[in-house]
Q: 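Supplied in structure tokens, the structure appears directly below.
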2 protein chains.
Amino acid sequence: MPTQLPVLQPQTVRKGPVVERPLKVGELAKLCGKTVRALHLYEEMGLLVPTQRSKGRYRMYDADAVMRVRWIAKLQDMGFSLQDIRTMSQQWEQSGSAPDAMAKVQALFEQKLAETQAQMQRLRMLSAELQASLEYLRTCPTCDPNRLIEACSACEEHQAFEDPPDLVAGFSAH
Amino acid sequence: MPTQLPVLQPQTVRKGPVVERPLKVGELAKLCGKTVRALHLYEEMGLLVPTQRSKGRYRMYDADAVMRVRWIAKLQDMGFSLQDIRTMSQQWEQSGSAPDAMAKVQALFEQKLAETQAQMQRLRMLSAELQASLEYLRTCPTCDPNRLIEACSACEEHQAFEDPPDLVAGFSAH
DNA sequence: ACCAACCCTTACGTGCACGTGAGGGTTAGG
DNA sequence: CCTAACCCTCACGTGCACGTAAGGGTTGGT
């Protein structure tokens, strides 16, 4: 713990957050749920630049960086690769006008939205398939325990099903 | 917590051409949309065993194998790793009774179902976020083209928004 | 017999997003 | 001043699901 109590800084800003102390890379990492190595990687890729370096070459970040890293994480979560994000970021910086930049990002987001919706559709089908397979499997504990596995895949408990669902059938196919 | 979205491809296990003549690995590969290398890999992992070898050590498969490989592909599409599939397959083979095997697979499928639903929930939120960001970006082409990017993030066209959405805000955070 | 098109094993390469040291320097509290 | 807990820069390692190539052997049709 600090031996000196924090000195209250005279506030020049009426509203808003206190001017944060610059962050070391480990602190930034913790605030963003990333590792130091990851932040270094982002920097190598030009995605994250420390606002300055300390006397001893320590990377120092300001509060903005927290937003930046969380933004990177969010895009990763969306399925963008770091390369994708790098391209996006560069396009943004290189575009001559705001509408130009907006249009490019817009296109990417629209494509991602389409992908996302398609993915949701597939997940719905997957979900249905899993439920069908579970339904099928749920009848199995009622099978005669002495019956062998090979027999079970066609046992009389399953007559309601034409065939075992694909996900179940694959087990018996050697 | 898998953050990457597995790209699902609709696959059918038991549909498509089925040939009764023993298959060479290349033929099996074409029938399943996999490469020969992939099938070799599955064999190395104990997931796929040729029913026999030809005189010259060629792998020979029967029609069952088509189902098996498509089943593997389907589970992969569901987000299971080859290791996962291997474990499942082994549990199935090692379990003494059919109900036992069923119960184990049931547990895995139930877990996967839960993951799938969670994923769908995430995708819904993602979709909403993308739409919000697109909504925000759509107002940008109306900005004065001579205005700089930095200015745009707070231009008067966006007064309807309290703040730019996270996905947009990240661009300006260096 | 001959040839193209297969197939075999072995083994190193790839892309991604970091992990994991090694060998050292820096900072802050006591 | 001393020490722990940071931080620095290389630079090689990891897990996954294969890709790719080398150096051969096999098959099936003409």
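Chain A is the first sequence line, chain B the second, and so forth, proteins listed ahead of strands; every chain is numbered from 1. This is a predicted model, so every value here is computed, not measured.
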Q: How many whole angstroms separate atom CG of B:D84 from atom P of D:dC16?
A: 9 Å

Q: Roughly, in whole Å, what's the span from CD in A:E44 to P in C:dG15?
A: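 Computing the A:E44:CD to C:dG15:P distance gives 17 Å.
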
Q: Roughly how many Å is it from CG in B:L41 to P in D:dC16, rounded to a whole number?
A: 11 Å

Q: Using the 3.5 Å cut-off, write out each protein N or O paired with an N or O of nucleotides 24-28 of chain C and the distance between them.
A:
residue	atom	partner	partner atom	Å
C:dG25	N2	A:Y58	OH	2.4
C:dT26	O4'	A:Y58	OH	3.4
C:dT26	O2	A:Y58	OH	3.1
C:dT27	OP1	A:S54	OG	3.3
C:dT27	OP1	A:G56	N	2.9

Q: Would a 4.5 Å heavy-atom cut-off, applied to side chains only, mark A:L41 and A:L47 as touching?
A: no

Q: For D:dA17, does either OP1 or OP2 sit under 4.0 Å from a side-chain N or O belonging to B:Y42?
A: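 Indeed not, no polar side-chain atom of B:Y42 lies that close.
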
Q: Less than 4.0 Å between a side-chain N and a carboxylate O, is that true for A:R86 and A:E44?
A: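 No salt bridge links A:E44 with A:R86.
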
Q: A:I72 has an atom CD1; how far is it from atom C1' of C:dC18, in whole Å?
A: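 Whole-Å distance recorded here is 14 Å.
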
Q: Taking only side-chain N and O atoms of B:Q76, does any of them lie within less than 4.0 angstrom of OP1 or OP2 on D:dC18?
A: yes

Q: Is the shortest side-chain N to carboxylate O distance from A:K112 to B:E129 below 4.0 Å?
A: no

Q: Using 30° and 60° as the class limits, which term best fits the ring planes of B:F80 and B:F109: parallel, tilted or perpendicular?
A: tilted

Q: Can you tell me how far apart CH2 (B:W71) and CG (B:L48) are? Round to the nearest 0.5 Å.
A: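 B:W71 CH2 to B:L48 CG: 11.0 Å, rounded to 0.5 Å.
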
Q: Report yes if at least one side-chain N or O of B:R59 is closer than 4.0 Å to OP1 or OP2 of C:dC7; otherwise report no.
A: no

Q: Taking the six-membered ring of A:Y58, is the NZ or CZ of A:K24 close enough (under 6.0 Å from the centre) and on axis enough (within 45°)?
A: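 No, A:K24 does not sit over the ring of A:Y58.
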
Q: Roughly, in whole Å, what's the span from CG in B:L39 to P in C:dC7?
A: 10 Å

Q: Can you check the B:I85 CD1 to D:dC18 P distance for me, whole Å?
A: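 The distance from CD1 of B:I85 to P of D:dC18 comes to 9 Å, rounded to the nearest Å.
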
Q: Would you mind reading off the distance between A:L47 atom CG and C:dA17 atom C1', rounded to a whole angstrom?
A: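 Distance, rounded to whole Å: 12 Å.
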
Q: Compare side-chain N and O positions of B:H40 against OP1 and OP2 of D:dG19 and report whether any pair is under 4.0 Å apart.
A: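 No.
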
Q: Can you tell which of D:dC18, C:dC18, D:dC7 lies closest to the side chain of A:V25?
A: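 Out of D:dC18, C:dC18, D:dC7, the nucleotide with an atom closest to A:V25's side chain is D:dC7.
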
Q: Testing the 3.5 Å rule here: is there a donor-acceptor pair between the side chains of B:D84 and B:T87?
A: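 Absent: no donor and acceptor within the cut-off.
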
Q: Is the distance from OP1 or OP2 of C:dT9 to the nearest side-chain N or O of B:R53 less than 4.0 Å?
A: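 Indeed, a polar side-chain atom of B:R53 lies that close.
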
Q: Which of the following nucleotides, D:dA17, D:dT9, D:dG19, is nearest to the side chain of B:T35?
A: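 Output: D:dG19.
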
Q: Please state how far atom CZ in A:R37 lies from atom C1' in D:dC10, giving the value in whole angstrom units.
A: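 Atom CZ in A:R37 sits about 10 Å away from atom C1' in D:dC10.
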
